[in-house]
Amino acid sequence: MSTREYMLGNVAIARGIVEGGGQVISGYPGTPSSEIIGTLAGMKERDFYVEWSVNEKVALEVAAGAAMAGVRSVVTMKHVGLNVAADPLLTLAYTGVKGSMIIIVADDPSCHSSQNEQDTRRYSQFSLIPCLDPSTPQEAKDMIPYAFAFSNKVQMPVIFRPTTRISHGKSDIELGPVEETRPTAEFVKELERWVMVPKNARIQHPHLLEIQKTMQEELENSPWNSLELVDSAKVGVIASGIASVYAKEAVMQQGINASFLKIGTYPVPENKIRTLMENTDKIIIFEEMEPIVEEQVRIIAQQTGSTVEIVGKMPGPVPRIYELNTDICADVLAEVLELERPDVPAEVAEDFDYDRCRIDLPMRPPVMCPGCSHRASFHVMKKVYGKDAIFPSDIGCYTLGIQSGTVDTTLCMGGSITVASGMYQAGEKKPICCSIGDSTFFHTGMNGLLNAIYNKADITVTIVDNRITAMTGHQPNPGMGKLATGEPTIEVSLEELCKGMGAGFVETVDPYDLEKAEEVFKRAKEYKGTSVVITRQFCVIDAKRSGIRRKPFSIDAEKCVGCKLCVNLGCPAIEFDTTTKKASINAMCTGCGVCAALCKFDAITEVKK
Amino acid sequence: MSAEGISKFDLVIAGVGGQGTILASDIIGKAAVKENMSVRAAETHGMAQRGGSVVNHIRLDCELGSMIPMKGADVLLALEPSEALRYLEFLSDDGIIIVNTDPILPVTVTSGLCTYPDVDAIIAKLEESHKVKAFNATELAKEAGHPQSMNVVMVGAVSNYLPVSVDTLVECVRELVPQKTIAINVKAFEMGRYVTQG
Ligand SMILES: Cc1ncc(C[n+]2csc(CCOP(=O)(O)OP(=O)(O)O)c2C)c(N)n1
Ligand code: SF4
Ligand code: SF4
């Protein structure tokens, strides 16, 4: 059997967890990290425990507990998830671990699917927890068993930080052997280590600082850093993580004679940096986002009194924002080394100069699916509260409804109910109706609702409950009665949860039933205090997968007067012909029936077959 | 053009979320790995998959990064006409465009906010600078048995240019499409292959 397989970066990382003998794996979904747990939970045979936790703080603590008990654990999340988990992270650095623990945090430079592009390596610096930064999917897989062993050796958790191009890249992967040993869980009581009261914290902090040097030396000589010194070269290139393959290609493309230092660990390999400095006059540094390697290089230069010229982004020609690529690296090299570059357009595809084509391309933003229940919820909210009302929202598929006028704020997960409360407490007199998804409500929305109720915020909270975590690829959540592995579990009731927190108005309605939904929202609006409306209807993608089929609708052209009432709903299945001034429904219709209920001329009816 | 020593063949696949660009690049990537090449691919997952514009890069016999430089691709395979234009800058000056002429209107157009350019004008524009193979792959897919096999028609169409054998590609089509649709997809592949032959 071949040991080389073509796979997605995240599948390779999951394979790395299997090869390394991972035992407890927890996480919360978030692009581009979600397929790691998705892959592990979907395996038919498993000798490890895997869960979707309710949020990243919870997930990190579950993995920490497992590693305190002596086993190998992993927690996965997207970059912003680490903000949620930052509290345990910073103190976990003091306690360290007994088994092994890998904190996988997937970064998203260029914000392909994120609200910001923060750099997780800063958390590594901040927490003093070491970090591995893969440059290819193969290296990503190989780093995992290494990270388990390293973590155990230094008794510290390790951050592992793939980026979108690693996680969602595909590559041929050379598989490795699977670790056979499994440490057994046995928690040993050690108060000085596990109980971070001030007395113990004051001992652990200097210890954490002390082991930095040991960790740095160990990582320096790991396979993830490599220095190619070219005797005749006066120029040195330093590149970290994914930027190292871009920089390498640019160097090869232009036939530049340069020494090359590839960095894959933090703390950075100081000796290799020093050696490069001693052998070159000029060093050009490529890294995506923050100048973390560059800061270290500048510190080393200052400490050693080196006069080498350092080119990067502090300031310099290497961008501090968005992803890098081969073209950007080639441009920088050409500029700094005064080379001729063939005529290559500098701007990336996104800034493509459409004018030059002399054809205007229509924008194609992602949108909610045809028949998505969120669209119906938003329609009713807007109708009842009025377009002048304030609609704080949250993060999920519903954020794609940004054009509908019912997404006025999106800050972070769970930031809808709280922002709404703050506006109300500030004295805002307009009606406030916020929206939040079911998974997001379980994540960090619950605390916000508790706070709103307790502090008497007179707002309406709409829980758009599509019974799944849709945006990140349809993962289960506590409301569904299903575990990550598909095994049945208790189905947590949103209604009981809200009532338990003291909500005096909790009503559930099917948003496809516009009339009933309107009536419920009207009462919620009148209610004095925090009202909760749960609009419950399956995500259409998930419904289709579980076999729910609805008959599509069509528009009778004779009856259509071109009023655009249905078009304004924004369903991608409804088209408007500007010449005939009539609407029609295309093959994408999923049969939700919402447009039919809107039409005042009875022009929209179910297709009878 | 894919550069000597860096990559043997650079392909950009453009389309719309939901059209199956990932399966198309999977068939090609897996086939190349079977023929002992290293493959690097970059895919659009996540948010843009909800009907947004998507682009995959795939580099055969390459051990570096997955992102194809500007003007680096040997072929631009576009599953939708306007998306061919959107990613044209990735194609090398002597590269070839294979494009499905069946448009998918974005919501910005269906709701009357923007207009969709005339498909013939798009093709004419592409032909000004490059060699173009344009045909209605969706129609062919319907003929093969299901409109969803359009992505496999397109893989068939590009197969004449890939440094991978047809047998391996067909083998991967069989392995990667749902069991029940193998016959349809193999037919779709052959129909696509026929269109760009000669
Ligand atoms: C802290 C944090 N973790 C994870 C994510 C990724 N993320 C974006 S939306 C979402 C879940 C959305 O689920 P839900 O609220 O049920 O809405 P739906 O997409 O189903 O409409 C997640 C996990 C994030 N943006 N921030
Ligand atoms: S995936 Fe589900 S929740 Fe997301 S837009 Fe589509 S129907 Fe709506
Ligand atoms: S019934 Fe109307 S609103 Fe619902 S999916 Fe079909 S066209 Fe869209």
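Proteins come first, then strands; the chains are lettered A, B, ... in the order of their sequence lines, and each starts at number 1. A quick note: this is a predicted structure, and the numbers were derived from the prediction, not measured. For the numbers below, each heavy atom of this structure counts, side chains included, while hydrogens, waters and symmetry mates do not.
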Test side chain to side chain donor-acceptor pair (under 3.5 Å) on A/D107 and A/T163 and set out the steps.
CA-CA 5 Å; A/D107 279 1; A/T163 56; over 6 Å; no

Return yes if some donor-acceptor pair links the side-chain N/O of A/Q254 with the main-chain N/O of A/A330 below 3.5 Å, else return no.
yes

Would the distance check show the side chain of B/S92 and the main-chain N or O of B/A73 forming a donor-acceptor pair, the cut-off being under 3.5 Å?
yes

If we count only N and O atoms by modelled type, under 3.5 Å, do the side chains of [X] and [Y] hold a donor and an acceptor together?
{"X": "A/E174", "Y": "A/T3", "answer": "yes"}
{"X": "A/D108", "Y": "A/T164", "answer": "yes"}
{"X": "A/E35", "Y": "A/H168", "answer": "yes"}
{"X": "B/N100", "Y": "B/T138", "answer": "yes"}
{"X": "A/K78", "Y": "A/S114", "answer": "yes"}
{"X": "B/Q148", "Y": "B/H146", "answer": "no"}
{"X": "A/S584", "Y": "A/E575", "answer": "no"}

Most heavy-atom pairs under 4.5 angstrom with chain B, which of [options]?
{"options": "A/P572, A/G570, A/S34, A/P362", "answer": "A/P362"}
{"options": "A/K564, A/M368, A/M363", "answer": "A/M363"}
{"options": "A/T578, A/I574, A/I166", "answer": "A/I574"}

Region of [X] in contact with chain B, defined by heavy-atom distances below 4.5 Å:
{"X": "A/Q253", "value": "both"}
{"X": "A/L569", "value": "neither"}
{"X": "A/F576", "value": "both"}

Considering only heavy atoms, give the residues of residues 163-178 of chain B separated from chain A by less than 4.5 Å, sorted numerically, with 'none' for an empty result.
none

Mind ranking [options] by heavy-atom pairs under 4.5 Å with chain A and telling me who comes out on top?
{"options": "B/S7, B/G29, B/A42", "result": "B/G29"}
{"options": "B/R59, B/E63, B/E43", "result": "B/E43"}
{"options": "B/L64, B/I122, B/I68", "result": "B/L64"}

Quick check on [X] against chain A: is it the side chain, the backbone, both or neither that has a heavy atom closer than 4.5 Å?
{"X": "B/V107", "answer": "side chain"}
{"X": "B/T115", "answer": "backbone"}
{"X": "B/D26", "answer": "both"}
{"X": "B/D118", "answer": "neither"}
{"X": "B/I58", "answer": "side chain"}
{"X": "B/S25", "answer": "backbone"}

Carboxylate-amine/guanidinium contact [X] [Y], below 4.0 Å:
{"X": "B/E190", "Y": "B/K187", "result": "no"}
{"X": "A/D172", "Y": "B/R40", "result": "yes"}
{"X": "B/E80", "Y": "A/R364", "result": "yes"}

